[in-house]
Amino acid sequence: MKEIDIQAMTPAHLPQVAELSVATEQVKFVGTMEEILVNIDDTVHPHVIMDSDTVVGFFLIDTQYGHKYDFARSESLGLRAFFIDHRHQGKGYAKRAVRALKAFLVSAYPDFDQIYLTVNCKNPSARHCYVQGGFTDTHELYLGGAAGPQHIMHMTL
Ligand SMILES: CC(C)(COP(=O)(O)OP(=O)(O)OC[C@H]1O[C@@H](n2cnc3c(N)ncnc32)[C@H](O)[C@@H]1OP(=O)(O)O)[C@@H](O)C(=O)NCCC(=O)NCCS
């Protein structure tokens, strides 16, 4: 099985990132690429999941997550808008990317020791990937999402 690589997104990735999308029925879980990209600022950082020179997936790391959500400790990262492009789903990329996330974050964000995410209760395949990659379900629900209740998950870094 081929290795994947997680990288901070640079302008060189933009042409490929602009072409990324999920299936129509998955848009409610992450939004469109256009909607995701407007969230980026100096505290919310875009990342790409690479297979060689091909961008196969994307996610945001939110460094203010712990200050935005009551359920997260104040010095926590947040994983947001994690997805694999529809053309590359079902090939094990998400599983490998989540498994690689901890080592990447420990190196890239040494000041943080926790990461949180929320995943829609109607999205069991994504929850399964996160569990496989080392996230733990807190067994609390976040009810503030537009598409219904979400499991709150976390991982110690
Ligand atoms: C969820 C998502 C990231 C999975 O990506 P992927 O690369 O296709 O997943 P993988 O190929 O790595 O599969 C990982 C595991 O999930 C399972 N899985 C993946 N998609 C599945 C589906 N649609 N239905 C059931 N199981 C699924 C696989 O069987 C595998 O489990 P296994 O190792 O026990 O066999 C992808 O479907 C996606 O981007 N969805 C839309 C965006 C989204 O929902 N993001 C999460 C927001 S919190």
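Not measured: the values here are computed from a predicted model. Just follow the structure's listing: the first ligand is 1, and inside any ligand the first atom is 1. All residue numbers refer to positions in the sequence shown, counting from 1.
- Contacts between Q89 and ligand 1 below 4.0 angstrom, taking non-hydrogen atoms only, involve backbone and side chain alike.
- There is no protein heavy atom closer than 4.0 angstrom to atom 35 (O) of ligand 1.
- In summary, the atoms of ligand 1 found under 4.0 Å from a heavy atom of A126, numbered by their order in the structure, are 1 (C), 46 (C).
- Here the two rings, on Y69 and Y116, have centers that are 6.0 Å apart or farther.
- At a heavy-atom distance under 4.0 Å, no atom of L117 approaches ligand 1.
- Using a 4.0 Å threshold on non-hydrogen atoms, atom 8 (O) of ligand 1 counts as touching the protein.
- Comparing F29, F83, F82, F58 by heavy-atom distance to atom 45 (N) of ligand 1, the nearest is F82.
- Judged by distance alone, the side chains of Y130 and H154 never bring a donor and an acceptor atom under 3.5 Å apart.
- Neither the backbone nor the side chain of F59 has any atom closer than 4.0 Å to an atom of ligand 1 (non-hydrogen atoms only).
- Counting only heavy atoms of the protein, atom 11 (O) of ligand 1 lies nearest to G92 N, 2.7 Å.
- Residue contact check: N123 has heavy atoms under 4.0 Å from atoms 43 (C), 44 (O), 46 (C) of ligand 1.
- In the vicinity of K91, heavy-atom distances shorter than 4.0 Å reach the ligand 1 atoms 11 (O).
- Within the 4.0 Å cut-off (strictly below), no protein heavy atom is located near atom 28 (C) of ligand 1.
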